[in-house]
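Quick notes on the structure that follows.
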Amino acid sequence: MKENSAEYKFLEIENFWQNHWDANGIFTAKIDISSKKFYVLDMFPYPSGTGLHIGHPEGYTASDIVARFKKANGFNVLHPMGWDAFGLPAEQHAIATGQHPALNTKTNVDNFRRQIKALGFAIDWSREINTTDDDYIKWTQWIFLQLFKHGLAYVAEKPVWWCPALKSVLANEEVIDEKSEGGDHPVERKNMRQWVLRITDYADKLLEGLEDIDWPNSTKRQQIAWIGKSKGAEIDFKIDGQEDKLSVFTTRADTLFGVTFLVVAPEHPILSKIVTAQNQKVVQDYINQAKRKSDLERTDLAKDKTGIFSGSYAINPINNRKIPIWISDYVLITYGTGAIMAVPAHDSRDHEFAKKFALDVLQVISSEDDNATVLFCSDGKLLNSEKYSGLPSAVARQKIIDDLVADNKGRGNINYKLRDWLFSRQRYWGEPVPILWISKEAYEKISSTDSAELKEFLPKKPVTFEKNGEGLFALPLPSKYLPLKLPATSSYLPSDDGESPLSRIKDWLDVYIDVEKCEIISANDVKDPPKHLIKARRETNTMPQWAGSCWYYLRYLSPNCSTNLVDPQAEKYWGYPDLYIGGAEHAVLHLLYSRFWHRFLYDIGTLTHGKEPFTKLFHQGIILGEDGTKMSKSRGNVINPDEIISRYGADSLRLYEMFLGPLAAMKPWNTSGIEGVHRFLKKVWREYIQSDGRLTQFKAVDNQAVSNSLQDTIQKVTADIEAMHFNTAIAQMMIFINGMRQNNGMTLETAKVFLRLLAPFAPHICEELWARSGETSSIYFAKWPTHKGLPIKIDNYKISIQINGKIRGDIPVADNATEDDILASVLKLDGLKKYIDGKSILKKVYVKHKIMNILTN
RNA sequence: GCCCGGGUGGCGGAAUGGUAGACGCUGAGGACUUAAAAUCCUUUGUCCGUGAGGACGUGCGGGUUCAAGUCCCGCCUCGGGCACCA
């Protein structure tokens with residue numbers, strides 16, 4: 001700083017150094033093949049109108065500590081930041097004000113940038129990206145077109161979650177208890193035309209990829225459960241008296257002899273064939289009833305099972321037993337074959353159903369301890385199963401499947417809970433889907449043309465959609481038309497019927513294609529269209545917010561590359577994040593979608609560095625309000641980072657958030673806690689700066705205790721940062737300062753070592769003191785201190801003495817003391833001797849330098 | 001119901017099977033000051049005891065061990081995720 005203030009003027013110091021770092025490009029990352037890289041990534045924020053909340057600095061500070069630590073350890077560090085800026089709030093603001101969402105987004109981004117900069121992170125701001133920038137949209141659309149080209153994007157009319165309040169459809173992952181994930185609005189089922197991405201094609205790859213990445217166990221588990229792979233078999237049951245078969249999916253082929261009825265979902269197409277005339281009316285009533293129920297009601301476990309007999313029977317392929325076919329909404333049409341074989345003795349749901357409708361229960365599995373008789377759902381030994389009786393479940397399962405396969409009555413099969421990813425939204429503020437809809441004839445004409453340009457992203461199999469009896473074909477925009485920008489409009493309101501606001505912008509919507517010239521012309525510019533022009537209409541859906549966040553970690557590597565999504569050289573050097581820090585709430589959304597796109601880009605050769613984007617992931621915990629509940633405006637317990645910084649400074653805020661507790665834990669904010677770390681920083685300051693504002697007269701030689709403590713501190717802080725145990729690292733630095741003060745100070749050399757240890761946590765104050773102690777280069781470039789091997793040899797250890805397992809005191813012992821020496825010392829001390837007097841010693845346990853346990857009768 | 005995590009002073013939290021409660025906060029007492037702020041010192045798990053000292057103590061009940069907050073078995077409870085997925 002310019003003037004040599006005696007006081008710790010944190011605001012001036014922080015402001016000064018932030019400007020200095022910025023102006024001098026201290027954190028600019030450049031490819032340097034002579035040093036190893038380290039890429040630290042934060043989950044980039046959605047720049048909301050309310051600004052940064054106190055949870056943001058938690059994750060960002062953690063990543064910043066690691067970034068600065070790695071830099072000091074010789075790594076070439078990349079630590080970027082950007083904005084996930086598409087999203088509903090900006091659009092709702094636009095609807096309310098008529099102002100273009102880009103304007104509101106810019107205001108919010110500026111505010112976020114100011115707030116994040118005020119925390120002094122070692123971020124390379126020259127790499128800042130924004131998912132709403134045209135240059136960024138271009139590549140998001142390009143990836144979509146690659147997916148399209150490779151047959152992974154298609155259009156389907158399917159039941160989707162429609163949110164009337166948001167006037168948009170939502171992905172499965174975005175719906176929680178029939179409420180929208182954002183805003184908590186009710187959602188309903190509706191049939192609509194949608195873009196869908198075939199993420200299910202990647203189910204197995206997404207599972208396998210989890211095996212060798214360093215992620216929190218719970219997050220891996222969540223993804224595994226979400227993908228929901230189950231191995232089993234499809235078994236064909238002939239319908240009695242008909243040629244038709246009914247296939248069911250089961251993971252328990254070993255219970256096939258225990259099947260006493262079949263159940264089909266009310267939506268199952270076979271119903272038209274199996275419902276007998278006299279059952280027609282009651283079945284129809286039941287189906288209507290089921291239709292009226294919301295999914296929530298249907299899946300409510302508390303409610304009773306309902307169902308109705310179809311009137312038909314099926315034949316069990318393994319023993320030709322005739323069994324009734326029932327209809328019930330506890331069977332889901334969306335999973336497996338929409339039909340199940342019911343084994344009421346060994347499945348709780350089937351059991352419940354059988355009990356309610358008085359159907360047969362036949363036991364075919366016995367448990368090891370044969371206690372469970374009524375309902376036993378685990379594996380066991382088969383009984384009542386003819387030649388399979390006596391076999392363990394796992395063996396019988398395979399044998400039965402094999403035999404069914406040989407008889408052509410079934411086959412092994414795998415089912416997933418994962419559904420394809422619903423990828424379109426009926427909103428304005430998102431990336432337009434770069435597709436034109438044309439007629440079949442036009443599509444054929446383009447397909448057969450010699451010009452490659454229009455066929456750049458053409459898939460092997462056309463994506464088509466039927467609208468009002470007319471077949472429409474999806475034509476991908478050539479890359480020269482990317483980015484497809486959002487057209488200007490004054491009306492951002494989506495319509496109630498699920499059409500995007502883009503569908504009302506006529507002069508954008510309608511275009512002509514000149515096949516010979518490979519040009520797309522706005523319909524506005526064509527008065528009397530010549531015959532050779534092909535009429536086309538743009539797709540009006542936009543992409544979901546996840547699209548931009550799926551690949552942003554790649555764009556940071558070469559944010560200005562205009563020829564590639566990521567510059568191959570940059571990818572080769574920087575690779576992917578070595579550490580990714582962010583909230584656990586994205587466990588199955590962003591983190592699954594992102595892995596899917598990454599795998600895909602790897603498969604098509606766009607990426608070459610590796611199959612998984614995030615090899616090491618860490619979730620920071622949530623910071624609760626002072627009352628221990630979640631921070632919210634309505635509770636009035638929100639802590640504003642701006643206020644904290646103005647009262648205590650950014651260094652105190654950073655230090656406090658790291659000192660609160662383990663990074664991963666959920667923990668409450670406590671304002672007097674931040675006073676504590678602020679006091680610590682003031683104490684540090686006073687050790688370096690005298691009351692006249694000049695540098696302290698440091699000692700010529702450190703006390704033994706101080707130099708020992710310094711070595712301990714180097715060791716502890718280093719190990720703790722590596723393990724991301726920031727709270728205990730800070731505690732150790734406090735111990736050092738307290739102890740050093742009791743020993744009346746330290747040397748300048750020691751003082752500088754300490755600054756380097758503290759700098760990743762509290763960079764501004766350390767940079768200031770570093771400069772004041774005569775250094776001219778930023779502390780960011782200073783090397784991490786190394787500890788000098790083993791601590792100085794100690795001659796006298798204190799060991800604690802247990803008598804019969806109880807701690808009774810401690811005694812000093814020499815390094816080479818024998819058990820008998822120690823016992824002799826113990827017997828010299830009355831306080832210990834009294835426990836042994838009059839008793840005989842049966843045994844001694846001595847753990848060197850730690851403890852001796854003396855056992856008496 | 002199933003799958004993950006947790007449960008330690010007044011509070012946030014420390015503890016490679018080896019002196020439980022580091023560090024910080026809070027509370028109490030004191031120093032400095034005309035006073036306050038700031039700063040510094042002492043003290044702060046519970047109970048018994050004037051004290052020295054003693055007993056108890058890491059959600060509950062068992063167990064393993066010379067020794068258990070830590071390992072094993074069975075519960076209770078809180079948080080998160082999934083939820084009729086056959």
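In what follows, chains are A, B, ... by sequence order, proteins preceding strands, each numbered from 1. Here the structure is a predicted model, which is why all the values come from computation and not from measurement. Excluded from the calculations below are hydrogen atoms, water molecules and symmetry mates; all remaining heavy atoms, backbone and side chain alike, are included.
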Counterpart base for [N], defined by Watson-Crick or G-U wobble contacts under 3.5 Å:
| N | value |
| --- | --- |
| B/U70 | none |
| B/A20 | none |
| B/G1 | B/C82 |
| B/A15 | none |
| B/A31 | B/U39 |
| B/U77 | B/G6 |
| B/C56 | B/G45 |

Between protein and nucleotides 56-58 of chain B, what N or O pairs are separated by less than 3.5 Å?
from, atom 1, to, atom 2, distance (Å)
B/C56, OP2, A/K806, NZ, 2.9

For [X], ring-ring contact (aromatic ring centres under 6.0 Å, His included) partners two or more places apart:
| X | result |
| --- | --- |
| A/W669 | A/Y656 |
| A/F237 | none |
| A/Y688 | A/F698 |
| A/Y202 | A/F596 |

Letter per nucleotide, 5' to 3', of nucleotides 44-49 of chain B [B base touched, S only sugar-phosphate touched, - untouched; heavy atoms, 4.0 Å]: ------

Sequence-aligned protein contact record of nucleotides 19-25 of chain B, with B where the base is within under 4.0 Å of a protein heavy atom and S where only the sugar-phosphate is: BS-BBSS

Spacing of [X] atom [atom1] relative to [N] atom [atom2], expressed in whole Å:
| X | N | atom1 | atom2 | value |
| --- | --- | --- | --- | --- |
| A/Q223 | B/C82 | CD | P | 12 Å |
| A/L375 | B/C2 | CG | C1' | 15 Å |
| A/N804 | B/U65 | CG | C1' | 14 Å |
| A/E657 | B/G13 | CD | P | 14 Å |
| A/I737 | B/C40 | CD1 | C1' | 16 Å |
| A/L660 | B/A14 | CG | P | 11 Å |
| A/F680 | B/U39 | CZ | C1' | 17 Å |
| A/Y8 | B/A38 | OH | P | 16 Å |

Decide, for B/G27, between syn and anti: a glycosidic angle within 90° of 0 counts as syn, anything else as anti. anti

Report the residues that fulfil side chain to side chain donor-acceptor pair (under 3.5 Å) with A/W226, sequence neighbours left out, ordered by chain and then residue number. A/E173

[N] phosphate, OP1 or OP2, under 4.0 Å from [X] side-chain N/O:
| X | N | answer |
| --- | --- | --- |
| A/R808 | B/A55 | yes |
| A/R741 | B/C40 | yes |
| A/K417 | B/C82 | no |
| A/Y330 | B/A86 | no |
| A/Y835 | B/G54 | yes |

Could you check whether A/E58 pairs with A/K667 (Lys NZ or Arg NE/NH1/NH2 to Asp/Glu carboxylate O, under 4.0 Å)? yes

Write down the atom of A/I333, the atom of A/A265, and the distance for their closest heavy-atom approach. N-CB, 3.7 Å

Let's see if you can work this out: which of [options] has an atom nearest to the side-chain heavy atoms of [X]?
| X | options | value |
| --- | --- | --- |
| A/R686 | B/C3, B/G18, B/C40 | B/C40 |
| A/M666 | B/C82, B/G79, B/G12 | B/G79 |
| A/P662 | B/G13, B/A67, B/C4 | B/G13 |
| A/R221 | B/C3, B/C66, B/A86 | B/C3 |

Pairs involving residues 673-685 of chain A, ordered by first then second residue, that meet salt bridge (charged side-chain N to carboxylate O under 4.0 Å, His left out) (sequence neighbours left out): none

Any donor-acceptor N/O pair under 3.5 Å between B/C84 base and A/K305 side chain: yes

Determine the contact category for [X]: base if any of its heavy atoms lies under 4.0 Å from a base atom, sugar-phosphate if only primed atoms, P, OP1 or OP2 are that close, otherwise nothing.
| X | value |
| --- | --- |
| A/N217 | sugar-phosphate |
| A/K229 | nothing |
| A/S348 | nothing |

Can you name the salt bridge (Lys or Arg N to Asp or Glu O under 4.0 Å) partners of A/D360, sequence neighbours left out? A/R321

Can you find a side-chain donor-acceptor pair between A/S247 and A/D236 that sits under 3.5 Å? yes

Can A/D204 and A/Y416 be counted as having a side-chain donor-acceptor contact under 3.5 angstrom? yes

List the steps and the verdict of side-chain contact (heavy atoms from CB on, under 4.5 Å) for A/W215 and A/L591. CA-CA 11 Å; A/W215 280 25; A/L591 287 168; 4.0 Å; yes

Throw together a table of side-chain donor-acceptor distances under 3.5 angstrom for residues 721-737 of chain A, partners on residues two or more places apart or in other chains.
from, atom 1, to, atom 2, distance (Å)
A/T728, OG1, A/D720, OD2, 2.9
A/T728, OG1, A/H725, O, 3.1
A/Q732, NE2, A/T713, OG1, 3.1

Given side-chain contact (heavy atoms from CB on, under 4.5 Å), test A/E657 with A/I623 step by step and report yes or no. CA-CA 9 Å; A/E657 291 212 12; A/I623 297 180; 3.4 Å; yes

5'-most by nearest nucleotide on RNA chain B - A/Q742 or A/K834: A/Q742

Of A/V588 and A/H725, the one whose closest RNA chain B nucleotide lies more 5': A/H725

Rounded to whole angstrom, note down the P distance from B/G79 over to B/G12. 15 Å

Contact list for residues 332-357 of chain A, test ring pair (Phe, Tyr, Trp, His ring centres under 6.0 Å), sequence neighbours left out: A/F261-A/F353, A/W326-A/F353, A/W326-A/F357, A/Y330-A/F353, A/F353-A/F357

